[in-house]
Amino acid sequence: MLLARVEGNLTATRKHPSFEGWRLVVCQPIDAGGRPEGVPQVAIDPLGVGLHQRVVLSSDGAAARKTVGDERSPVRWLIAGIVDEAAGKGP
């Protein structure tokens with residue numbers, strides 16, 4: 001799992017059928033200080049996150065495929081949580 005910040009929405013008029021009805025968001029992984037770390041990832045959003053909100057991003061493809069209800073889906077990234085606050089040094 002990664003800490004990430006939601007950077008935007010993604011619209012795809014043509015997409016895998018398992019993505020129908022799912023909101024896709026662009027997430028930038030960040031470090032504990034809020035600095036970008038790594039490359040942005042596209043994730044499905046089952047929680048209704050807001051722009052620039054800090055989230056817990058999961059790369060558990062099996063959990064993501066179970067969430068969309070299609071074991072053949074190419075989905076890998078999933079918003080697993082919304083960060084309310086982080087203890088210790090952080091953004």
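These figures come from a predicted structure and were not determined experimentally. Quick note: numbers below take in every heavy atom, side chains included, and nothing from hydrogens, waters or symmetry partners.
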Name the atoms and distances for all side-chain donor-acceptor pairs under 3.5 Å in residues 2-9, with sequence neighbours left out.
residue, atom, partner, partner atom, Å
Arg5, NE, Glu7, OE2, 2.6
Arg5, NH1, Gly34, O, 3.2
Arg5, NH2, Glu7, OE2, 3.4
Asn9, OD1, Arg23, NE, 3.1
Asn9, OD1, Arg23, NH2, 2.6

N/O donor-acceptor pairs under 3.5 Å from side chains in residues 71-79, not counting sequence neighbours:
residue, atom, partner, partner atom, Å
Ser73, OG, Ser18, OG, 2.7
Ser73, OG, Val75, N, 3.2
Trp77, NE1, Gln41, OE1, 3.0

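- Within a 6.0 Å sphere centred on NZ of Lys66, other residues, nucleotides and ligands contribute 12 heavy atoms or fewer.
- Across all non-hydrogen atoms, the minimal contact from Gln28 to Gly38 is NE2-O, 3.0 Å.
- Hydrophobic cluster membership is shared by Ile30 and Met1, with clusters built from Ile, Leu, Val, Met, Phe, Trp and Tyr side chains linked at under 4.5 angstrom.
- Apart from Leu51 itself, the hydrophobic cluster it occupies contains nothing, where clustering links Ile, Leu, Val, Met, Phe, Trp and Tyr at side-chain heavy-atom distances under 4.5 Å.
- Closest heavy-atom contact between Arg54 and Asp84: NH2-O, 4.2 Å.
- You'll find the side chain of Asp45 stays beyond 4.5 Å of the side chain of Leu24, heavy atoms only.
- Looking only at side-chain heavy atoms (C-beta outward), Trp22 and Val68 come within less than 4.5 Å of each other.
- A heavy-atom distance below 4.5 Å is found between the side chains of Gln53 and Ile82.
- At a threshold of 4.5 Å between non-hydrogen side-chain atoms, the residues Val25 and Cys27 count as touching.
- By the rule that hydrophobic residues join a cluster once side-chain heavy atoms approach within less than 4.5 Å of another member, Leu47 and Ile44 end up as members of separate clusters.
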